[in-house]
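Below is one structure; the comments refer to it alone.
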Amino acid sequence: MSDYPYAERFTVNRQLPEHGRDRAEILAELQQMAVEEDSSWETGQVSGSYYCGDREHYDYMTKAFGLFGHVNALQRDVCPSATKFEGEIIAMTLDMLHAEAVTDTTPAGIVTSGGTASITHAMLAYREQARDDRGIIHPNVVKPESAHAAFDKACHLFGIELRVAPINPETGIVELDAVANLMDDQTIAIVGSACTYGHGVVDPIAELGQLALSHGTGLHVDGCLGGFILPWGQELGYDIPLFDFRVPGVTSISADIHKYGYGLKGSSVLAVRDKALRNSQYFYLTDWTGGKYCSPGMDGSRSLGLLAATWASMVAYGKDGYLSHAKAIFSTADKMKAAVNSHSELRIIGAPTFCFAFTSDLFDIYHVNDFMRLRGWRFNGQQYPNSIHMAVTGPQTQPGLAEKFAADLDEAVQYGIERKDEPAGSAAIYGGVSGGITDEVDEFIKVVMADMMDTQQSLPPLV
Ligand SMILES: Cc1ncc(COP(=O)(O)O)c(C=O)c1O
């Protein structure tokens, strides 16, 4: 029996099939995989990732995608709709992020393929602008330790030094003094999250804005996770500090439509206070034999289907749609947090809203994870200290789910208490939690993870 997915049921393609296969048969095969895989999150027990969970909305976006999926958004003369979709996606996002508060510059944006892409585009833009305007050739960026790994990746890719400020372990938010101490005249941007991936808490954006202004540097707010839901939480009266363009000093914000904007995977916006920042990473090659080449971001060809589906998602929800979904998500999160708080053995980190992380000072919280996994729950795991998080999404708002979470958690806490002197079976791995990876030496973990990535991209050996 092979570990390779579906090896026992469907053909493994080691080469192109000699003769093309019947489309209906292929679609039936795909349907089987999709239906089975969807059944894992449709229970509502999976944290994050399936933000909307509404089948009708998925079908609707797929139709919108299908109308344009074959079109290249580069070729605007044949597809003027691309300009309409892209311009309006950016405008609607800027409006949600209160760009009307900006009076001295022209706010703008760029549509990217996801959170990591929005963050990398932002870092590239800061680097380019700082070199041109401030003559900075050894740029650095200061991020809170909790800010997403995409910042580390971007700095790695673009030769930017990354300086990391610690977070307060109780509140999960960044220590301002540490940020200030790490900044110097080569700092091109500092970072704050609204909210953080790990703990779902909002960094002190107003204070970071003041720091940025006093140093004449940029402040990127990572709203990849929270950008499309926190604004509605604010409208609902939740205690969420301002993090958008109303805050002086905020120069760019990443906000993912493929998360709480409920778009298809592959859509995010990088919004900027000043169009000049966005334009600084535009690329031009005017003397190429292939013609005068210019591109607004790192991609070349892009599918117009995604732009169409993203636009279609946003206008189908509208403000009232986003608000009512946020209401259900926030109130489900409130119930789940109350369940966690009912156990003195558990501790929620900081003051989170729709996405919360909890730990235990009595036992390894991964015991709770081990038990909850047996009951079908899939959380995301963090480390230093170990904690697990639940990003509440549409599927969790179905009736009875918050109550099931509370009941299963009661038993999980007992399970943890009984094993308080033993190591747990699972550990943190980004995007989920995993059995079999323990907190060993860094180099060893890299070997294990490289092996995992290789396996994910390889065929099984021939037998
Ligand atoms: C706060 C935050 N920033 C960035 C990202 C990266 O987004 P993506 O996975 O779309 O690249 C995530 C993903 O969960 C996130 O939560």
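Both ligands and their constituent atoms are indexed starting at 1 by order of listing.
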May I ask you to identify the nearest protein heavy atom to atom 9 (O) of ligand 1, giving residue, atom name and distance to one decimal place in Å?
K259 NZ, 3.9 Å
Minimal heavy-atom distance between A255 and S268, with the atoms involved, is O-OG, 3.4 Å
Should the pair Y60 and H57 be assigned to parallel (<30°), tilted (30 to 60°) or perpendicular (>60°) ring geometry?
tilted
Hey, is T116 touching ligand 1 through its side chain, its backbone, both or neither, going by heavy atoms under 4.0 Å?
both
Classify the ring geometry between Y262 and H325 as parallel (under 30°), tilted (30 to 60°) or perpendicular (over 60°).
tilted
In ligand 1, the atoms that come under 4.0 Å of a heavy atom of I119 are 4 (C)
Quick one: which ligand 1 atoms are inside 4.0 Å of a heavy atom on C195?
1 (C)
For the residue pair Y322 and Y317, does the interplanar ring angle fall in the parallel (under 30°), tilted (30 to 60°) or perpendicular (over 60°) class?
parallel
One thing to verify: whether R55 and D38 come together as a salt bridge, which I'm taking to mean a side-chain N less than 4.0 angstrom from a carboxylate O.
yes
In this structure, atom 15 (C) of ligand 1 is nearest to the protein heavy atom H148 CD2, 3.6 Å
Could you tell me which atoms of ligand 1, counted from 1 in the order shown, lie closer than 4.0 angstrom to a heavy atom of G115?
7 (O), 8 (P), 10 (O), 11 (O)
Passing option when S252 is tested against D274, V272, L219 for side-chain contact (heavy atoms from CB on, under 4.5 Å)
V272
Per-atom contacts, ligand 1 versus D222 - under 4.0 Å to a heavy atom:
1 (C), 2 (C), 3 (N), 4 (C)
Numbered in order shown, the ligand 1 atoms found under 4.0 Å of a heavy atom of D256 are 7 (O), 10 (O)
